[in-house]
A.B. asks: 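There's a structure below that I have some questions on.
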Amino acid sequence: MNWYETVRIAPVIGNALAALSSSGQGHDTADSGFFAVCTVLLGILLIVIATGFAGLLWYSRKRLSQMVFQKTQALRESEQRYEMLSAQSGTVVWEVDREGRYIFVGNTVKNVYGYDAGELIGKFFYDLAPANQRKVIKEKGLRLIRSGQQKNDFENPVMHKDGRELWMLTTLLPVKDKQGRITRVYGWGTNITERKKAELRSKKLLDEAEKSRRQLLSAMQDLQRTESARARLALAVEQSPESIVITDASGTIEYVNPAFEQVTGYSAAEAIGQNPSILKSGEQDDAFYADMWKIIASGKTWKRHLVNRHKSGRLFTEVATISAIHDGEGRITGYIGIKRDVTMELERERMQQQLQKMDSVGRLAGGIAHDFNNMLQVILGNTELAIESARDNDRLREDLEQVVDAAKHSAELTRKLLAFASRQSVSPQVLTLSEKIAESINMLRRLIHEDITLELKADSQENRIKIDPTQLNQVLINLCLNARDAINGRGHVAIHFERKRLTGQEVFLMQTPTPGEYVVLSFTDDGCGMDEQTRAHAFEPFFTTKKTGKGAGLGLSTVYGIMKQNDGYIDLQSTPGKGTRFELYFPACKQPVARARAIDDEPVGMTPAGGGGGILLVEDQTGILRITELMLTKMGYRVWSNSSPGKALKLFEEHRDEIDMLLTDVVMPEMNGKELADKVAKLKPQVKCVFMSGYSEEVIARNGIVPNKTSFIEKPFDAERLHAAILNAFASAPTHQAD
């Protein structure tokens with residue numbers, strides 16, 4: 001209300017007040033005046049109030065108009081700024097219903113999507129998704145819209161109107177009614193396509209960088225593995241037991257490993273810069289080396305046995321493999337030789353062949369000895385009987401005695417053959433080697449010339465061994481005789497023994513001994529010595545370098561057989577003009593020394609000869625059967641004899657009460673002596689038994705018989721030895737027990 005509108009209504013108000021005052025003319029004059037004044041004042045007050053209210057209304061309206069204008073202006077400016085910012089930032093504002101249908105789209109959509117806002121109203125948000133992702137985006141978008149939760153800053157793809165793919169960073173804000181139901185969803189999205197491309201480029205660069213990093217790491221690992229492999233290869237080469245030599249194309253040595261130094265004696269400093277010809281031994285001719293160079297220069301591999309010379313001058317044998325080293329273009333830049341010292345292996349093979357040869361000869365000797373013993377038994381027995389018949393003919397008796405001596409000498413040769421073959425019957429016992437040698441030293445000195453001194457050296461170590469004392473004497477005698485014949489004029493022989501433990505290389509070479517403690521008897525002379533060929537045959541039976549009639553060649557073969565039979569080993573070292581050294585390895589014994597009963601001890605009792613006993617004699621060789629029967633008959637025994645074990649058993653059954661002893665050969669057809677003795681013992685347990693054989697102890701043991709003094713006699717035997725064996729058997733307490 002303006003001020004003039006207030007003045008216009010003032011007379012109206014005055015008239016109204018006057019009318020009120022005239023309506024009370026019936027009152028007194030004083031009351032009328034007072035009432036009139038009040039009326040005027042009231043009118044004025046009302047006018048003032050109305051005027052103030054009108055002014056207040058006018059001011060408020062004006063102020064409100066100004067505020068509305070300002071707010072509208074600010075809103076328009078804000079909208080303009082938002083539109084401008086949205087356009088510049090690529091932000092799109094929109095609103096969709098619960099089904100995802102656009103109900104509002106901001107004008108900036110044109111700048112971002114390429115669509116006018118009106119083109120999108122009524123479409124669904126997933127209509128703008130890439131075709132291959134539309135189904136997934138639809139399901140995921142509707143799930144977000146209907147979840148009722150605000151979703152901030154998630155990335156989603158949108159297709160531009162021109163077909164380009166855009167990436168938007170989107171936020172969803174749900175709108176709910178009073179009942180809490182979702183009615184629509186506000187959303188706005190910012191175009192982050194360039195950022196996404198940058199991220200993709202960055203990711204690609206990062207991927208490429210990672211790939212490069214991995215490739216570099218792999219290359220570094222490959223290099224490390226290569227270096228490690230090279231280090232291992234270098235270590236393997238350095239530690240290889242085989243000699244490795246690398247030369248240049250002309251053959252000048254560029255590298256040798258420690259094994260080369262050890263095998264050849266040349267240090268690396270001495271070998272590098274030299275030619276491998278420094279190892280030449282002269283065992284191979286120039287054509288040999290020319291052929292080698294022809295092969296390796298063609299790029300082929302050369303492999304041969306090669307005898308080289310050690311720096312000290314000794315020879316050694318190698319298996320050498322030499323190959324060419326090629327560069328990337330196939331040119332030969334050098335050669336590598338890998339060589340293995342096989343000297344010891346060849347020596348081992350040689351020794352193995354020697355052992356096999358000796359063993360074969362031993363088996364042959366054992367077989368010959370059996371047949372020879374049987375023939376000698378016939379010769380010796382018949383000759384002794386003939387001597388008794390020729391008591392009155394001195395000339396004939398002397399001739400027959402020479403036959404007996406020859407037979408006994410032949411029997412001794414047979415025993416030596418059996419000793420070489422390790423098949424002689426023995427009675428080993430524990431003895432102290434130093435004591436036994438000391439007991440025999442005077443006898444040994446008598447065997448050699450007075451010009452030869454015999455020296456005995458001994459240490460304080462324990463030197464007990466287990467051997468038949470007779471065999472030990474055979475060893476010492478044969479070695480002394482060999483030394484005597486090797487020394488021309490004055491000379492010196494030394495006997496020395498020591499205790500030694502054999503391990504590793506020594507056992508590898510010797511083959512026969514097993515690792516452990518040994519007592520080593522060394523027998524050294526300063527005689528003429530032996531060359532290599534002589535050493536190779538030294539232990540063979542009947543091999544000798546002496547003149548005809550000076551030796552049978554069984555001395556050293558006997559020593560060899562005795563050592564083998566006692567699980568020992570003999571080593572021969574000899575050089576022409578520098579003497580010979582034998583080393584005999586006896587297994588050390590821990591058992592105490594005990595006196596063994598001598599083989600020729602007297603029998604503990606006697607059975608009267610002649611009519612004092614009956615003997616069943618079984619022998620498949622008719623010649624031996626006949627002569628043995630004659631011997632027994634002359635001794636006064638009653639004899640039942642047969643060459644067949646089966647028939648002999650029937651004889652025993654018929655005359656068991658008269659027969660007190662079984663005297664039988666061991667190896668026979670039909671059944672052997674042990675089987676026959678078992679059958680006889682079952683028929684008469686108290687019967688005595690004596691076995692006889694020309695076979696070795698090994699064969700006898702294989703037939704189940706353990707030879708001993710009271711139950712065995714070795715062929716050939718004479719009547720005296722046979723009688724002693726029978727008396728000892730009759731006097732012995734034990735009898736043969738059947739198995």
A.B. asks: What's the separation between atom CD in Glu283 and atom CG in Asp285, rounded to the nearest 0.5 Å?
C.D. replies: 11.0 Å
A.B. asks: Is Asp207 salt-bridged to Lys203, going by a charged N under 4.0 Å from an acidic O?
C.D. replies: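 Salt bridge: yes.
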A.B. asks: For Glu210, check side-chain hydrogen bond (donor to acceptor under 3.5 Å, both in side chains) against everything at least two apart and list the hits.
C.D. replies: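 Here the qualifying residues are Arg213, Arg214.
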A.B. asks: Look only at the side chain of Asn478 and the backbone of Gln474, and say whether a donor-acceptor pair between them is shorter than 3.5 Å.
C.D. replies: yes
A.B. asks: Any chance you could lay out the salt bridge (charged side-chain N to carboxylate O under 4.0 Å, His left out) test for Glu199 and Lys204, step after step, and finish with the verdict?
C.D. replies: CA-CA 8 Å; Glu199 289 178 356; Lys204 183 178 180 181; over 6 Å; no
A.B. asks: Should Asn463 and Phe586 be marked as a side-chain contact (heavy atoms from CB on, under 4.5 Å) after you check the CA-CA gap, both sets of side-chain angles, and the distance that decides it?
C.D. replies: CA-CA 9 Å; Asn463 53 79; Phe586 296 93; over 6 Å; no
A.B. asks: What closest approach, in Å, do Leu431 and Pro469 show between heavy atoms, and which atom pair accounts for it?
C.D. replies: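 Leu431 and Pro469 have their closest heavy atoms at CD2-CG, 4.0 Å.
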A.B. asks: Please state whether the rings of Tyr585 and Tyr569 are parallel, tilted or perpendicular, taking 30° and 60° as the class boundaries.
C.D. replies: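 Rings of Tyr585 and Tyr569: tilted, as their planes differ by 30° to 60°.
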A.B. asks: Is any NZ, NE, NH1 or NH2 atom of the basic residue among Glu345 and Arg340 found under 4.0 Å from an Asp or Glu carboxylate oxygen of the other?
C.D. replies: yes
A.B. asks: Restricting to side-chain hydrogen bond (donor to acceptor under 3.5 Å, both in side chains), what partner residues turn up for Gln221, sequence neighbours left out?
C.D. replies: none
A.B. asks: Can you name the nearest heavy-atom pair linking Phe260 to Leu279, along with the distance?
C.D. replies: CE1-CD1, 3.9 Å
A.B. asks: Closest approach of Met530 and Arg535, non-hydrogen atoms and distance?
C.D. replies: O-NH1, 3.3 Å
A.B. asks: Can you tell me how far the OG1 atom of Thr264 sits from the NZ atom of Lys339, to the nearest 0.5 Å?
C.D. replies: 7.5 Å
A.B. asks: Evaluate Thr317 against Thr343 for side-chain hydrogen bond (donor to acceptor under 3.5 Å, both in side chains), listing each step before the verdict.
C.D. replies: CA-CA 5 Å; Thr317 304; Thr343 306; 4.5 Å; no
A.B. asks: Which pairs count as ring-ring contact (aromatic ring centres under 6.0 Å, His included) when at least one residue sits in residues 308-347, sequence neighbours excluded?
C.D. replies: Trp293-Tyr335
A.B. asks: Looking only at heavy atoms, what is the nearest atom pair of Ala494 and His492, with distance?
C.D. replies: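 Heavy atoms of Ala494 and His492 come nearest at CB-CE1, 3.7 Å.
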A.B. asks: For the residue pair Lys280 and Tyr289, would you count it as a cation-pi contact if the rule is NZ or CZ under 6.0 angstrom from the ring centre and within 45 degrees of the ring axis?
C.D. replies: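 Relative to the ring axis of Tyr289, which defines the angle, Lys280 lies inside both limits.
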A.B. asks: Name all residues meeting the side-chain hydrogen bond (donor to acceptor under 3.5 Å, both in side chains) criterion together with Asn308; count only those two or more places apart in sequence or in a different chain, and write none if there are none.
C.D. replies: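 Partners of Asn308 by the side-chain hydrogen bond (donor to acceptor under 3.5 Å, both in side chains) criterion, ordered by chain and then number, come out as Glu318.
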A.B. asks: Please check if atom CD in Gln215 has more than 12 non-hydrogen atoms from other residues, nucleotides or ligands closer than 6.0 Å.
C.D. replies: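 Counting other residues, nucleotides and ligands, CD of Gln215 exceeds 12 neighbours.
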A.B. asks: Looking at Glu165 and Lys197, is there a salt bridge between them, counting it only when a charged N and a carboxylate O are closer than 4.0 Å?
C.D. replies: no
A.B. asks: What are the two closest non-hydrogen atoms of Gly489 and Asp451, and how far apart are they?
C.D. replies: O-CB, 3.9 Å
A.B. asks: Report the distance from atom CD of Glu261 to atom OH of Tyr266, rounding to the nearest 0.5 Å.
C.D. replies: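 Between atom CD of Glu261 and atom OH of Tyr266 there are 13.0 Å.
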A.B. asks: Return the set of residues passing salt bridge (Lys or Arg N to Asp or Glu O under 4.0 Å) with Glu532 (not counting sequence neighbours), or none when no residue passes.
C.D. replies: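 Expected list: none.
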A.B. asks: For Leu456, give me all partners under side-chain contact (heavy atoms from CB on, under 4.5 Å), at least two apart in sequence or on another chain.
C.D. replies: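 So Leu456 forms a side-chain contact (heavy atoms from CB on, under 4.5 Å) with Ile437, Ile441, Ile495, Phe497.
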A.B. asks: Please determine whether a side-chain nitrogen of the Lys or Arg among Arg581 and Glu583 lies less than 4.0 Å from a carboxylate oxygen of the Asp or Glu.
C.D. replies: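 Yes.
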A.B. asks: May I ask you to check whether Tyr560 and Phe539 place their ring centers less than 6.0 Å from one another?
C.D. replies: yes
A.B. asks: Would you indicate whether the side-chain heavy atoms of Gln591 and Arg464 approach each other to under 4.5 Å?
C.D. replies: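 No, too far: nothing below the 4.5 Å cut-off.
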A.B. asks: How would you list all residue pairs meeting salt bridge (Lys or Arg N to Asp or Glu O under 4.0 Å) that involve residues 325-335, not counting sequence neighbours?
C.D. replies: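 Counting only pairs at least two positions apart or across chains, the salt bridge (Lys or Arg N to Asp or Glu O under 4.0 Å) contacts touching residues 325-335 are Asp327-Arg331, Glu329-Arg331.
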A.B. asks: Could you work out, with side-chain contact (heavy atoms from CB on, under 4.5 Å) as the rule, every residue matching Arg309, not counting sequence neighbours?
C.D. replies: Ser281, Leu315
A.B. asks: Sequence neighbours excluded, which residues qualify as salt bridge (Lys or Arg N to Asp or Glu O under 4.0 Å) partners of Glu439?
C.D. replies: Lys436
A.B. asks: What I want to check is whether the side chains of Asp571 and Gln573 have a donor and an acceptor closer together than 3.5 Å.
C.D. replies: yes
A.B. asks: Taking atom types as modelled and ignoring hydrogens, do the side chains of Gln429 and Asp468 form a donor-acceptor contact shorter than 3.5 angstrom?
C.D. replies: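 Asp468 and Gln429 do not have a side-chain donor-acceptor pair below 3.5 Å.
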A.B. asks: Going from CG on Leu481 to CD1 on Ile477, what distance comes out if it is rounded to the nearest 0.5 angstrom?
C.D. replies: 7.5 Å
A.B. asks: Does the side-chain contact (heavy atoms from CB on, under 4.5 Å) test come out yes or no for Ile448 and Leu444, once each step is laid out?
C.D. replies: CA-CA 7 Å; Ile448 59 179; Leu444 297 177; over 6 Å; no
A.B. asks: Ignoring hydrogens and angles, write down the donor-acceptor pairs under 3.5 Å from the side chains of residues 241-254, residues two or more places apart or on other chains.
C.D. replies:
{"unit_1": "Asp248", "atom_1": "OD1", "unit_2": "Ser250", "atom_2": "N", "d": "3.0"}
{"unit_1": "Asp248", "atom_1": "OD1", "unit_2": "Ser250", "atom_2": "OG", "d": "2.8"}
{"unit_1": "Asp248", "atom_1": "OD1", "unit_2": "Gly251", "atom_2": "N", "d": "3.0"}
{"unit_1": "Asp248", "atom_1": "OD1", "unit_2": "Thr252", "atom_2": "N", "d": "2.8"}
{"unit_1": "Asp248", "atom_1": "OD2", "unit_2": "Ser250", "atom_2": "OG", "d": "3.4"}
{"unit_1": "Ser250", "atom_1": "OG", "unit_2": "Thr252", "atom_2": "OG1", "d": "3.4"}

A.B. asks: So which atom in Ser240 and which in Ala259 form the shortest heavy-atom distance, rounded to 0.1 Å?
C.D. replies: O-CB, 3.3 Å
A.B. asks: More than 12 heavy atoms of other residues, nucleotides or ligands under 6.0 Å from CG of Asn132: yes or no?
C.D. replies: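 Yes, because the 6.0 Å sphere around CG of Asn132 holds more than 12 heavy atoms from other groups.
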A.B. asks: Any chance you could lay out the side-chain contact (heavy atoms from CB on, under 4.5 Å) test for Val475 and Phe523, step after step, and finish with the verdict?
C.D. replies: CA-CA 11 Å; Val475 168; Phe523 199 98; over 6 Å; no
A.B. asks: For Asp222, give me all partners under salt bridge (Lys or Arg N to Asp or Glu O under 4.0 Å), at least two apart in sequence or on another chain.
C.D. replies: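 Counting only residues at least two positions away or on another chain, Asp222 forms a salt bridge (Lys or Arg N to Asp or Glu O under 4.0 Å) with Arg225.
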A.B. asks: Hey, could you give me the CG/CD1 distance between Leu584 and Ile465, rounded to the nearest 0.5 Å?
C.D. replies: 9.5 Å
A.B. asks: Looking at residues at least two apart in the chain, or sitting in another chain, which of them share a side-chain hydrogen bond (donor to acceptor under 3.5 Å, both in side chains) with Glu270?
C.D. replies: Ser267, Lys311
A.B. asks: Rounded at 0.5 Å granularity, tell me how far OG1 in Thr321 sits from CH2 in Trp302.
C.D. replies: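 Those atoms lie 8.5 Å apart.
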A.B. asks: Tell me if a side-chain donor or acceptor on Asn566 pairs with a main-chain N or O of Gly568 at a distance below 3.5 Å.
C.D. replies: no
A.B. asks: Please report the C-alpha distance between Ile322 and Ile295 in whole Å, then the side-chain angles of each, then the deciding distance to 0.1 Å, and finally whether the side-chain contact (heavy atoms from CB on, under 4.5 Å) criterion is met.
C.D. replies: CA-CA 9 Å; Ile322 304 176; Ile295 291 174; over 6 Å; no
A.B. asks: Please evaluate residues Glu155 and Lys196 with respect to the criterion salt bridge (charged side-chain N to carboxylate O under 4.0 Å, His left out), reporting the C-alpha separation (whole Å), side-chain torsions for both, the decisive distance (0.1 Å), and the verdict.
C.D. replies: CA-CA 10 Å; Glu155 297 178 359; Lys196 192 72 174 179; 2.7 Å; yes
A.B. asks: Are side-chain heavy atoms of Pro587 and Tyr518 found at a separation under 4.5 Å?
C.D. replies: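 Answer yes - side chains close enough.
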A.B. asks: Check for a donor-acceptor pair, side chain of Asp525 on one end and backbone N or O of Gly579 on the other, with a separation under 3.5 Å.
C.D. replies: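 No; zero donor-acceptor contacts below 3.5 Å.
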